[in-house]
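Take a look at the structure below.
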Amino acid sequence: MTTRLPVENPATLAHVGEAPSFDRVMLDAAVTSARAALPGWSATPFDARGEILQAMADAVDKIAEDVAALLTAEQGKPIAEARREVSRVGQWFRGTATLDAPAIRRDRGDGRICETRYLPLGVVAAIAPWNYPLLLAAFKLAPALLAGNVVILKPSPYTPLSTLVVFEAVQAFLPPGVLTVATGDDALGPWLTSHPGIDKVSFTGSTATGRRVMAAAAPTLKRVTLELGGNDAAIVLDDADLDAIAGPLFWSAFRNAGQVCVATKRLYVQRRLYRPLVEAMIEKARAVTLGDGADPAVLMGPTNNAAQQARVNGLIDDAKARGARVETGGNDCSLPGYFVQPSIVTDIDEDARIVQEEQFGPVLPILPFDDVDDAIERANRTDFALGASIWSSDVGRARRIAGRMIAGGVWVNESGALSPTVPFGGLRQSGVGVEGGEEGLLGYMQLQTLT
Ligand code: NAD
């Protein structure tokens, strides 16, 4: 009998439902049917695959309301956020469908003509985390399918249910075996990443797991794309318009209870604006209604699981032990689920864990600076390099500073906006490869030159 994977509501601790838990036999069967589907799907014309992506987008839109409710129940995010995530899945399919893979002809000048073209890679394992389970799966699925690959999609064991509903709905447009949703416990990821029948692993998750994925992929030289953790710095210059930036800046750190790869995770503020901005952030944090995201009045849900809550609470404890000031919030939330109150931390050293590590939760350290060069140096002094943002009323000045940030994506007066037609990926230990744009599409293809 198949074992089942229970799923808990992180806000209420109620049982939400169960997903199948793949064992090795089920995984082998999925790989076998994926390999059988590969010749037919890869021979389907590129444009026809794009049209299928469009139809898949329409199908997701049709079930959006039910899926959003389920996403909130298993992930914890407010229902408005859940609706936005589901609608972004359709947008990602549609936007990806506009991409094209190049074919380049070159005359070598020695009587030979070369044509370089891009072919599918084969069977792709797409592994997604729990913070944006549907959208981050779509980031992988859309380009992988457009490129002519077949996919085995593994959601996080914390959030498998909405993924099953969405991707089972889109399977109706695909031949059997082209897409399998494989749900399972902690054993399933390592089986996928070491399986000899899989050609590529596209992984989004923590840097620690990313290292394991790369090691497991090495013996069979699987291609890997790794979208990993970040510790994004936002730098606020003292010419910034406080009233205009306070809201977007706050939500750049606290959206989805801070569980966003490109959330602002450290905030550096030039001295003159430091205290006014801290006060504005405190005010915004205190105005947040924390609770079960199913209630439309709730602006912030819980962290997704007990381990994440314990980690974030531990970082707050560490900050307190170092003498930092928790201006608002803290780690003594009385709600029953995995809640952490939106917290603002000041008087904190640069080398404190909450500054140096990725908190992935609703806690923001705010640090002052006098000299812009010093702020840039501190912001870049990390092994992560995912995103960064510069906030200023002088866009030209902000842009020059943005060019000195070491990060895969840098934004001015906003943070974290991603698009299916523009590449994005982490530098350093924030990742390998990119998603989005033609560059992301080519990550699912292999180059062949005909001479
Ligand atoms: P995680 O690394 O714990 O898990 C991610 C996925 O990998 C899950 O599906 C999990 O079941 C699976 N997994 C766990 N161990 C595995 C193994 N040994 N082999 C293969 N798969 C394995 O990450 P998480 O806690 O779910 O997500 C949070 C992290 O994801 C944060 O660090 C965040 O910054 C990062 N993230 C990065 C991006 C990006 O685009 N760079 C986007 C979102 C989240």
Side-chain angles (χ1 to χ4, degrees), residues 5 7 10 19 21-22 27 74-77 85 88 92 125-140 152-160 163 181-195 198 201-218 222 224-232 255-265 303-312 338 357-361 382-387 407-409 416-419 423-436 440 443:
L5 197 65
V7 180
S21 188
F22 269 54
L27 178 62
E74 66 177 351
Q75 203 286 328
K77 64 185 62 193
E85 179 172 347
R88 293 272 284 151
W92 214 271
I127 302 180
W130 46 256
N131 60 331
Y132 284 88
L134 302 177
L135 183 58
L136 296 174
F139 279 22
K140 304 180 181 313
I152 298 176
L153 168 63
K154 190 197 95 61
S156 164
Y158 292 111
T159 52
T163 307
V181 180
T183 52
D185 61 19
D186 292 345
L188 181 57
W191 291 342
L192 272 167
T193 53
S194 58
H195 200 293
I198 288 173
V201 180
S202 179
F203 170 85
T204 299
S206 63
T207 296
T209 310
R211 289 190 193 103
R212 283 182 215 119
V213 168
M214 203 170 193
K222 293 186 201 332
V224 292
T225 297
L226 305 174
E227 296 291 343
L228 307 179
N231 192 11
D232 295 11
R255 185 174 314 286
N256 207 30
Q259 302 163 121
V260 182
C261 56
V262 285
T264 295
K265 291 172 181 149
T303 63
N304 174 257
N305 55 70
Q308 193 60 24
Q309 182 196 38
R311 172 170 167 73
V312 178
Y338 302 125
E357 296 179 20
E358 177 183 45
Q359 65 273 50
F360 218 62
T382 164
D383 290 335
F384 292 109
L386 193 59
L418 300 176
S419 159
F424 172 72
L427 312 183
R428 293 179 172 164
Q429 295 192 26
S430 287
V432 172
V434 298
E435 289 186 322

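All ligand and atom numbering here is 1-based and tracks the order in the structure. None of the values given here were measured: they were computed from a predicted structure.
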Worksheet entry | Between Arg311 and Gln359: side-chain donor-acceptor atoms closer than 3.5 Å | no
Measure [X] to ligand 1 on non-hydrogen atoms and call it side chain, backbone, both or neither using the 4.0 Å cut-off.
X      : value
Leu188 : neither
Val213 : side chain
Phe203 : side chain
Pro155 : backbone

How far is [atom] from its nearest protein heavy atom, and which residue and atom name does that atom have?
atom                    : answer
atom 21 (N) of ligand 1 : Gly189 CA, 3.5 Å
atom 25 (O) of ligand 1 : Trp130 NE1, 3.0 Å
atom 11 (O) of ligand 1 : Lys154 NZ, 2.8 Å
atom 37 (C) of ligand 1 : Leu228 O, 3.1 Å
atom 23 (O) of ligand 1 : Ser206 N, 3.4 Å
atom 38 (C) of ligand 1 : Cys261 CB, 2.9 Å
atom 44 (C) of ligand 1 : Asn131 ND2, 3.5 Å
atom 34 (O) of ligand 1 : Glu358 OE2, 2.6 Å

- Does Gly426 reach ligand 1, in the sense of a heavy atom lying below 4.0 Å from it?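 Not so, Gly426 does not reach ligand 1.
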(request) Run the contact test for Phe424 against ligand 1 with a 4.0 Å cut-off on heavy atoms, strictly below, and give the result. (result)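 Heavy atoms of Phe424 never come under 4.0 Å of ligand 1.
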Assess the pair Tyr338 and Trp130: is the distance between their ring centroids shorter than 6.0 Å? no
Looking at non-hydrogen atoms alone, which of [options] comes nearest to [atom]?
atom                    : options                        : answer
atom 8 (C) of ligand 1  : Ala128, Gly205, Ala126         : Ala128
atom 12 (C) of ligand 1 : Thr193, Thr159, Ile127, Val262 : Ile127
atom 17 (C) of ligand 1 : Thr209, Leu153, Asn304         : Thr209

Only heavy atoms of [X], strictly under 4.0 Å: list the atoms of ligand 1 that pass.
X      : result
Leu136 : 42 (C), 43 (C)
Ser156 : 9 (O)
Leu386 : 41 (N)
Glu227 : 37 (C), 38 (C), 39 (C), 40 (O), 41 (N)
Phe360 : 28 (C), 31 (C), 33 (C), 34 (O)
Gly229 : 32 (O), 34 (O)
Pro157 : 11 (O)

Q | Cation-pi, Phe203 ring and Lys140 (6.0 angstrom, 45 degrees) | A |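 Geometry flag: not set, cation outside 6.0 Å or 45°.
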Please confirm whether Thr204 comes within less than 3.5 Å of ligand 1 when only nitrogen or oxygen atoms on both sides are compared.
no
Which atom pair, heavy atoms only, marks the closest approach of [X] to [Y]?
X      : Y      : result
Asn131 : Cys261 : ND2-N, 3.9 Å
Glu85  : Leu134 : OE2-N, 2.8 Å
Ala182 : Ile152 : CB-CG2, 3.8 Å
Ala128 : Pro133 : CB-O, 4.3 Å
Val432 : Met214 : CG2-CE, 4.3 Å

Rounded to the nearest 0.5 Å, the CD atom of Glu358 sits from the OG atom of Ser430 at a distance of 8.0 Å
Between the main-chain N or O of [Y] and the side-chain N or O of [X], is there a donor-acceptor pair closer than 3.5 Å?
X      : Y      : value
Lys265 : Gly361 : no
Lys222 : Ala125 : no
Gln429 : Thr207 : no
Thr193 : Gly189 : yes
Glu435 : Pro423 : no

ask   = What orientation do Phe139 and Trp92 show, parallel under 30°, tilted 30 to 60°, or perpendicular over 60°?
value = parallel
